[in-house]
Amino acid sequence: MVIDSDHGETLYDHDCFFDHHGIYEPTIRIPLVFRWPGKVPAGKRYRDFCQMKDITPTILDLMGIDTGIKFDGRSLTPLFEGRRRKQEKEFYITECTWMRKHGWRTPEWKLIHALEPDFHFKPEVELYNLVDDPSKTTTSPRSIQGRC
C-alpha cells in the first residue's frame with residue numbers, strides 16, 4: 001500500500017493561512033507512506049528527500065520487476081534495507097495551478113520566481129537560505145536586485 005498527497009498545507013506560514021499557496025516548504029513536503037509487511041520496515045521514518053518520480057521505481061523494485069525502463073526517479077528501497085541513497089544535489093519545483101511559479105531547490109538554498117503577480121502579494125523573486133532557518137517555515141527572503 002502506498003499513501004501520498006499532491007501537496008502539503010500552509011497553516012500560518014508565510015502569511016498564507018490554511019492554503020496550499022506557492023512552493024514553500026510546508027506545501028512541497030508531503031506525507032508518503034509505504035506499507036508492505038516483510039518488504040518495508042513498519043514504523044520507520046526517513047529524512048531523505050524524495051520526489052513523486054521515486055514512487056514508481058520503488059514499487060517496481062519492491063515487486064522485483066525489472067522493466068528495463070530508465071526512470072528519472074530513484075528507488076527508495078535502499079532506505080528500507082538500512083542503506084543510504086546518494087542525495088540529489090538540486091531539483092526543480094513548480095506551482096502551476098492557480099499561481100504560476102517555478103523555483104530551484106538545493107539543500108542550502110531555495111529560489112522562487114513568480115511568473116505572474118502573486119495574489120498574496122509575495123515578491124516576484126524570493127531567495128531563502130535554508131541553513132539559516134532549520135525549520136524552513138518562516139524564513140525571510142534575502143534581498144535580490146533585478147529580475148530572473
Side-chain angles (χ1 to χ4, degrees), residues 1-36 39-62 69-148:
M1 172 177 67
V2 179
I3 300 170
D4 74 344
S5 175
D6 64 338
H7 60 78
E9 295 292 328
T10 51
L11 301 177
Y12 296 101
D13 309 291
H14 298 277
D15 296 321
C16 301
F17 303 102
F18 303 96
D19 195 353
H20 58 274
H21 177 77
I23 46 183
Y24 299 117
E25 291 300 299
T27 306
I28 65 172
R29 295 180 68 101
I30 64 169
L32 175 60
V33 177
F34 281 87
R35 184 177 188 279
W36 190 335
K39 295 261 187 179
V40 178
K44 300 267 304 183
R45 287 181 157 224
Y46 305 95
R47 297 187 52 86
D48 197 333
F49 286 105
C50 66
Q51 299 178 60
M52 300 297 268
K53 67 183 183 178
D54 298 331
I55 295 173
T56 297
T58 302
I59 292 169
L60 292 171
D61 199 14
L62 287 170
I69 298 171
K70 176 80 170 103
F71 290 100
D72 273 347
R74 303 170 305 132
S75 176
L76 299 169
T77 56
L79 297 175
F80 305 152
E81 296 166 352
R83 296 182 288 133
R84 296 179 61 105
R85 289 188 331 153
K86 184 177 178 182
Q87 288 281 335
E88 286 190 58
K89 295 180 183 177
E90 58 194 25
F91 47 92
Y92 175 75
I93 49 181
T94 185
E95 161 82 39
C96 56
T97 54
W98 41 301
M99 286 301 305
R100 294 182 338 126
K101 295 184 176 198
H102 63 176
W104 207 254
R105 172 87 159 66
T106 72
E108 296 86 22
W109 295 95
K110 180 189 285 184
L111 174 69
I112 300 172
H113 179 217
L115 303 174
E116 62 190 17
D118 185 298
F119 63 80
H120 282 287
F121 308 107
K122 303 300 178 202
E124 178 184 353
V125 178
E126 298 171 78
L127 179 63
Y128 295 91
N129 182 318
L130 303 174
V131 174
D132 288 349
D133 178 22
S135 66
K136 301 176 189 86
T137 56
T138 57
T139 308
S140 299
R142 301 283 181 163
S143 296
I144 302 176
Q145 300 298 319
R147 298 170 51 100
C148 285

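All values derive from a computational prediction rather than experimental measurement.
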Self-check item: Pair K44-L79, side chain to side chain contact (heavy atoms under 4.5 Å, CB included): steps then yes or no
Solution: CA-CA 10 Å; K44 300 267 304 183; L79 297 175; over 6 Å; no
Exercise. Take L76 and Y46 through the side chain to side chain contact (heavy atoms under 4.5 Å, CB included) test and state the conclusion after the steps.
Key: CA-CA 10 Å; L76 299 169; Y46 305 95; over 6 Å; no
Exercise. Please report the C-alpha distance between V2 and W36 in whole Å, then the side-chain angles of each, then the deciding distance to 0.1 Å, and finally whether the side chain to side chain contact (heavy atoms under 4.5 Å, CB included) criterion is met.
Key: CA-CA 9 Å; V2 179; W36 190 335; over 6 Å; no
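The structure places CZ of R84 at 12.5 Å from NZ of K86, a figure rounded to the nearest 0.5 Å. In this structure, CG on N129 lies 4.0 Å from CH2 on W109, to the nearest 0.5 angstrom. Within the model, atoms CZ of R105 and CD of E90 stand 12.0 Å from one another, a figure rounded to the nearest 0.5 Å. Atom-to-atom distance recorded for W104:CH2 and I23:CD1 is 11.5 Å, nearest 0.5 angstrom. Here I112 contributes atom CD1 and I93 contributes atom CD1; the two are 6.0 Å apart, rounded to the nearest 0.5 Å. Here the CD atom belonging to Q87 is positioned 11.5 Å from the OG1 atom belonging to T106, to the nearest 0.5 angstrom.
Heavy-atom minimum distance, P107 versus L130: O-CB, 4.0 Å. Heavy atoms only, all atoms of each residue included: I30 and S5 are closest at CD1-O, 2.8 Å. Nearest approach of P123 to E126, heavy atoms of both residues: CG-CG, 3.6 Å. Closest approach of K101 and A114 over heavy atoms only: CG-CA, 3.8 Å. The minimum heavy-atom distance linking F49 with R74 is given by the pair O-NH2, 4.4 Å. Residues T58 and T77 share a closest heavy-atom pair of O-CG2, 4.2 Å.
Taking the charged nitrogens against the carboxylate oxygens, R85 and D48 do have a contact shorter than 4.0 Å, which makes a salt bridge.
Between H102 and Y92, the angle of the ring planes goes over 60°, which puts this pair in the perpendicular group of the 30/60° scheme.
Side-chain N or O atoms of D54 include none that pairs as donor or acceptor with a backbone N or O of G73 at under 3.5 Å. Formation of a donor-acceptor pair under 3.5 Å by the T94 side chain with backbone atoms of G103 is not found in this model.
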